[in-house]
Amino acid sequence: MNTDWVRDLCLSFPQTTEQIQWGEVLVFKVAGKIHALTVLQPARTWLTFKVSPENFAELTERPGIIPAPYLARAKWVALETRDALSPNELALLLRESYNLVVAKLPKKSREALASGKARARQKSSKKREAKAPSQKPPHKRKKPSR
C-alpha cells in the first residue's frame, strides 16, 4: 500500500476532493469536511482517518496504530506503518471514515450527495434581492452647530 493506492481509493468515494494543506499533507474531503489525510513526506504517521468509537478502542490496541494527534478525541486513528492493516481492512475503514463524515453533514448536503450534485454555495436569488442596496437617497449630514 502506498499514497497512490490511498488516493485512488479515497477519490473513488462520491464527491471526494483532494487538497494539499499544511505544507505536505494530502487531505481528502467531502462537502468541505476532511475524511482522511496522508503525508507526502516521511513523518511519524503516514495515514490518518476517522473511525467508529468501537473500532477506535480496538484499533488503538494494535501495533502500528495510535490515536491521531490532535484528533483522537473525535475518534481518529493514525497509522505509523504501512503494514499495520491489510489492504482489504484499510479499504473498509477508509469507506467507514467517509460514511461517518457524510452522516454528520447537514441534511441538504447529504441529499445533494445522494442525488450526485455538488454542494452549491450560492445564495438563493431571493436572498440576493433582499440584500441589494436600497434606492433611498443618501443621508444628508447635519452641519455642526456653532
Side-chain angles (χ1 to χ4, degrees), residues 1-139 141:
M1 287 180 298
N2 59 28
T3 302
D4 291 332
W5 181 85
V6 170
R7 181 177 180 267
D8 291 341
L9 178 66
C10 287
L11 291 176
S12 73
F13 303 147
Q15 304 294 328
T16 294
T17 60
E18 66 181 334
Q19 178 179 351
I20 295 178
Q21 286 185 224
W22 309 301
E24 296 294 325
V25 179
L26 184 58
V27 179
F28 300 99
K29 298 180 178 186
V30 58
K33 301 293 181 183
I34 299 171
H35 64 87
L37 328 147
T38 187
V39 294
L40 300 174
Q41 297 292 326
R44 182 176 165 219
T45 60
W46 79 280
L47 181 64
T48 304
F49 53 92
K50 186 170 183 61
V51 294
S52 67
E54 299 81 25
N55 282 339
F56 182 82
E58 177 190 327
L59 289 170
T60 53
E61 291 183 9
R62 293 169 66 172
I65 304 173
I66 61 170
Y70 308 106
L71 298 169
R73 65 187 171 124
K75 307 301 183 217
W76 284 64
V77 296
L79 304 184
E80 294 180 307
T81 62
R82 295 181 189 275
D83 62 349
L85 294 168
S86 70
N88 290 338
E89 190 175 14
L90 181 56
L92 290 172
L93 289 169
L94 286 171
R95 182 60 188 210
E96 177 189 44
S97 177
Y98 171 86
N99 290 338
L100 289 168
V101 171
V102 167
K104 293 279 187 169
L105 292 173
K107 186 177 178 180
K108 277 187 170 181
S109 297
R110 287 194 314 268
E111 289 170 352
L113 284 172
S115 68
K117 296 178 184 174
R119 184 175 165 203
R121 289 196 158 234
Q122 293 180 347
K123 298 177 184 174
S124 71
S125 58
K126 286 183 182 179
K127 286 183 182 177
R128 273 188 251 139
E129 289 171 11
K131 290 190 175 188
S134 61
Q135 300 298 326
K136 294 179 184 178
H139 180 48
R141 294 178 124 199

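The basis for the numbers below is simple: all heavy atoms, side chains too, and nothing from hydrogens, waters or symmetry mates.
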Exercise. Going by heavy atoms in the side chains, are Val101 and Ile34 under 4.5 Å from each other?
Worked result: no

Exercise. Hey, is the main chain of Trp46 close enough, under 3.5 Å, to the side chain of Thr38 for a donor-acceptor pair?
Worked result: yes

For this session: Grab the two heavy atoms, one from Pro87 and one from Trp5, that are nearest each other, plus how far apart they are.
Result: O-CH2, 3.4 Å

Exercise. Listed by chain and number, what are the side chain to side chain contact (heavy atoms under 4.5 Å, CB included) partners of Ala72, not counting sequence neighbours?
Worked result: Phe56, Pro67

Seminar exercise, completed: OG1 of Thr17 to CG of Leu11, rounded to nearest 0.5 Å, is 8.5 Å

Problem set entry | Separation of Leu93 CG from Leu47 CG (nearest 0.5 Å) | 10.0 Å

Exercise. Which residue pairs pass the salt bridge (charged side-chain N to carboxylate O under 4.0 Å, His left out) test when at least one of the two sits in residues 10-23, sequence neighbours left out?
Worked result: Arg7-Glu18

For this session: May I have the step-by-step check of side-chain contact (heavy atoms from CB on, under 4.5 Å) for Thr48 and Val25, ending in yes or no?
Result: CA-CA 10 Å; Thr48 304; Val25 179; over 6 Å; no

Problem set entry | Shortest non-hydrogen contact from Ala84 toward Gly64 | CB-O, 3.8 Å

Problem set entry | Interatomic spacing from CD1 in Ile65 to OG1 in Thr60 - rounded to 0.5 Å | 8.5 Å

Exercise. Listed by chain and number, what are the salt bridge (Lys or Arg N to Asp or Glu O under 4.0 Å) partners of Glu24, not counting sequence neighbours?
Worked result: none

Seminar exercise, completed: Correct closest heavy-atom pair for Phe13 and Leu94 would be CE1-O, 3.7 Å

Problem set entry | Between CG on residue Leu100 and CG on residue Leu105, distance to nearest 0.5 Å | 11.0 Å

For this session: Go through the structure and list residues passing salt bridge (Lys or Arg N to Asp or Glu O under 4.0 Å) with Glu89, not counting sequence neighbours.
Result: Arg62

For this session: Tell me, please, which residues at least two apart from Thr16 pass side chain to side chain donor-acceptor pair (under 3.5 Å).
Result: His35

Problem set entry | Sequence-distant partners of Arg95, salt bridge (Lys or Arg N to Asp or Glu O under 4.0 Å), two or more places apart | none

For this session: Scan residues 67-79 for pairs that pass side-chain hydrogen bond (donor to acceptor under 3.5 Å, both in side chains), counting only residues two or more places apart or in two chains.
Result: none

For this session: State which residues pass ring pair (Phe, Tyr, Trp, His ring centres under 6.0 Å) with Phe28; sequence neighbours excluded, sorted by chain then number.
Result: none

Exercise. Ser52: what forms a side chain to side chain contact (heavy atoms under 4.5 Å, CB included) with it, not counting sequence neighbours?
Worked result: Glu54, Asn55, Glu96

For this session: Quick one: list whatever passes salt bridge (Lys or Arg N to Asp or Glu O under 4.0 Å) with Arg110, sequence neighbours left out.
Result: none

Seminar exercise, completed: Residues Thr45 and Ala78: closest non-hydrogen pair is CG2-CB, 3.6 Å

Problem set entry | Polar side-chain atom of Tyr98 near backbone of Pro14 as donor-acceptor pair, under 3.5 Å | yes

For this session: Only counting residues at least two apart or in another chain, list the ones meeting side chain to side chain donor-acceptor pair (under 3.5 Å) with Thr81.
Result: Asp83

Exercise. Does Gln21 have any side chain to side chain contact (heavy atoms under 4.5 Å, CB included) partners at least two apart in sequence or in another chain, and if so, which?
Worked result: Gln19, Val27, Lys29

